[in-house]
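Here is the structure we will look at.
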Amino acid sequence: MRVAVIGAGVIGLSTALCIHDRFQPLVPCLQLEVYADRFTPHTTSDGAAGLWQPYLSDRGALQETLWNKETFDHLLGHLGSPEAKEMGLFPISGYNLFTQPVPDPSWKNIVLGFRSLTPKELELFPGYSYGWFNTALVLECRSYLPWLTNRLAQRGVKFFHRKVESFQEMFAQGVDVVINCTGVRAGELQPDPALQPARGQVIKVLAPWVKHFIITHDMESGIYNSPYVIPGSEFTVLGGIYQHGNWNEENSAQDHKTIWEKCCKLLPALQKAKIVQEWSGLRPARPSVRLERETIRHGHSQAEVIHNYGHGGFGITIHWGCAMAAARLFGSILQEKQLARPP
Amino acid sequence: MAAPKVAVVGAGLIGLSTALCLAEALPSCCVAVLSEQFSPSTTSDVAAGMLIPHTYPGTPIHVQKQWFKETFTYLFAISNSAEASEAGIHLVSGWQVFKNPPKDEVPFWSDIVLGFRPMSAAELQKFPQHRSGQAFTTLKCDCPPYLLWLEKRLKASGVQMHTRKVADLWELHSEYDIVVNCAGIGAHQLVGDQQLVPIRGQVLKVHAPWVKNFIRDGDGSTYIYPGIHSVTLGGTREKGSWCLSPDPGTTKDIFDRCCSLEPSLQQAQDIKVKVGLRPSRLCVRLQREVLNRGGAKLLVVHNYGHGAGGFSVHRGTAKEATRLVGECIATLQGSSSRAKL
């Protein structure tokens with residue numbers, strides 16, 4: 001049974017690993033392949049700061065809240081292991097800031113030590129009158145994706161560096177199941193008007209004295225269009241750009257100015273930070289994640305596609321829950337083909 | 001009378017911060033700092049510089065709380081300014097965890113640090129050997145950066161700095177009107193204070209930049225303090241030991257204890273070992289003294305004996321020492337006007 005995962009960002013690689021580890025023991029003939037035109041460090045995931053934090057509102061998608069929790073708990077379980085550093089995983093505390101009181105988020109009991117900010121803490125952030133403090137996690141993809149890749153390679157998973165033009169192309173070469181983790185460009189394989197790019201730009205700086213993440217929110221300008229500062233293991237990421245419908249992957253001087261000025265106003269100490277890199281990427285934005293099976297006619301037979309894309313600006317936050325859900329869908333395909341008994 | 005000449009002996013945290021307070025509050029004085037050692041070779045350079053107070057048995061709690069509050073407020077303002085990175089001052093959050101219930105469930109400084117609260121059950125899961133804990137956000141003063149920043153501010157204020165070993169305070173009486181004794185552990189020899197004892201501390205400074213939170217065992221023996229360029233792992237408290245050489249067995253023991261609190265430290269690189277002698281006393285010696293020899297006088301203000309708590313109270317004790325210097329100046333002016341009559 002040949003399974004092709006298309007896409008080698010955090011979604012593609014984690015889904016591949018999840019499927020392999022769960023089903024390879026049951027289905028010895030399982031052959032997993034990963035196809036992508038971009039691998040780490042050139043994927044969308046690589047540009048993300050890697051902070052685990054869902055959007056403020058769960059958009060009514062309770063399943064997504066559950067997948068977020070599964071991801072957090074899975075990562076938390078890895079914290080004490082010797083793998084954590086290699087994975088790019090570490091705990092971090094920090095602040096979410098608002099100009100008015102807001103209801104607590106769906107994830108308040110998922111993160112650690114969630115509480116409102118005290119008046120003295122708010123003195124640090126003039127212009128903001130309300131906020132939260134909590135401890136969450138950072139998962140840096142420039143370490144996590146190579147870690148996933150190594151694990152997959154050790155398990156004999158093959159990688160192919162090429163652009164897949166259609167699902168049919170895969171089926172024609174004998175692939176039985178396609179896992180579609182193509183992120184923002186999923187529309188090229190199958191039109192999906194609900195999927196839009198949400199362009200982001202970030203500045204990476206050297207500011208090792210910053211030990212907290214700081215995410216500001218402007219309820220009018222929308223998520224991630226307000227400055228944020230997220231420390232990594234080596235660099236600190238400054239951001240605050242979210243442009244719906246913009247496909248441009250080039251850095252913009254205007255956006256640079258916006259990010260720099262707003263972040264320095266938020267944290268005056270950043271004025272002395274050395275700029276190391278600038279990066280732009282396209283969040284695969286969708287009203288909800290597309291995580292479902294689709295049966296596609298291929299000649300006289302049927303082939304299966306499992307879609308797993310549209311994770312917007314919370315791909316790292318939700319990735320493991322989605323990988324497990326995709327693996328469950330794969331399990332039901334195996335059952336139907338009578339290749340695996342139900343557990 | 002001519003501008004009073006004040007010598008500050010000692011160029012660690014206490015000496016430099018006291019000299020800066022003097023320069024700010026008493027601009028008419030001529031202030032100089034005299035020390036055998038300067039950063040990076042002072043006791044202060046070894047310390048992590050965390051603002052978590054040590055309790056002095058001999059000082060009323062309300063006084064210690066006032067010193068801590070003054071220090072915290074002063075550094076908080078710097079941490080929130082463009083100078084923060086140069087001064088080495090930054091906020092850090094973390095946990096103090098206890099195997100056994102602490103003596104003070106709510107320490108005297110809990111309302112001065114930020115966001116102090118008991119740890120949740122979920123947070124404690126990360127520390128299976130510990131049964132309770134406190135979470136809070138405080139400040140850290142990285143040295144050498146903070147000391148170098150103080151030196152820079154002092155030079156800008158016209159304060160001279162001299163590398164000089166002072167063997168006896170009296171040797172300064174012909175050049176200076178007032179001496180401020182911030183000699184730290186050096187006061188044991190300099191003024192023969194038998195109540196001042198070293199409490200030896202060995203620490204490791206390691207490269208582990210993914211560690212963003214501090215962790216401290218409430219018994220004070222084991223701690224992990226992330227700084228700007230390194231993480232300080234500690235430590236020891238060896239009362240009465242004057243030994244400044246690192247001990248390899250102790251290094252391994254500190255490393256093991258810290259890894260048991262934070263397993264990812266196994267991957268730490270570039271381990272450097274440092275030793276400092278905390279200048280410990282039941283209370284900080286903050287008082288005036290008049291040295292008399294053969295009719296000649298030297299006015300002294302002592303400001304030493306901060307033990308394990310120097311960083312937490314330094315600005316508060318510097319201001320108190322400055323007030324005492326002000327009293328000395330009033331005395332000098334009083335005698336000089338009497339002399340004119």
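- Of residues 260-270 of chain B, those residues with a non-hydrogen atom less than 4.5 Å from any non-hydrogen atom of chain A are, in numerical order, P263(B), Q267(B).
- Of the two parts of N213(B), only the side chain, counted from C-beta on, holds a non-hydrogen atom closer than 4.5 Å to a non-hydrogen atom of chain A.
- Here the closest non-hydrogen pair linking R131(B) and L124(B) is O-CD1, 3.6 Å.
- Both the backbone and the side chain of E123(A) come within contact range of chain B, judged by heavy atoms closer than 4.5 Å.
- Of the listed residues (L89(A), T118(A), I92(A)), the one with the most heavy-atom contacts under 4.5 Å to chain B is I92(A).
- Neither side chain, D253(B) nor T250(B), offers a donor N or O lying under 3.5 Å from an acceptor on the other.
- Screening Y74(B), W67(B), Y146(B) for a side chain to side chain donor-acceptor pair (under 3.5 Å) with H314(B), the sole residue that qualifies is Y146(B).
- For T135(A), the part lying near chain B is the side chain, with the backbone staying farther off; criterion is any non-hydrogen pair under 4.5 Å.
- Neither the backbone nor the side chain of K140(B) comes within contact range of chain A, judged by heavy atoms closer than 4.5 Å.
- We find that E86(B) and R153(B) are not joined by a salt bridge, their nearest charged nitrogen and carboxylate oxygen being 4.0 Å or further apart.
- Paired with K120(A) under the rule side-chain contact (heavy atoms from CB on, under 4.5 Å), one option of D111(B), T137(B), L114(B) passes, and it is L114(B).
- Taking the six-membered ring wherever Trp is involved, the centroid distance between the rings of Y55(A) and H217(A) does not fall below 6.0 Å.
- Under the 6.0 Å cut-off for aromatic ring centres, F213(A) and Y228(A) do not qualify, their centroids lying 6.0 Å or more apart.
- With a 4.5 Å cut-off on side-chain heavy atoms, L270(A) and L238(A) count as touching.
- Using a 4.5 Å cut-off between heavy atoms, K85(A) touches chain B through its side chain atoms alone.
- Annotation: F114(A) is in aromatic contact with W132(A) [ring centroid separation under 6.0 Å].
- For S85(B), the parts lying near chain A are the backbone and the side chain together; criterion is any non-hydrogen pair under 4.5 Å.
- Contact annotation for A82(B): both backbone and side-chain heavy atoms come within less than 4.5 Å of a heavy atom of chain A.
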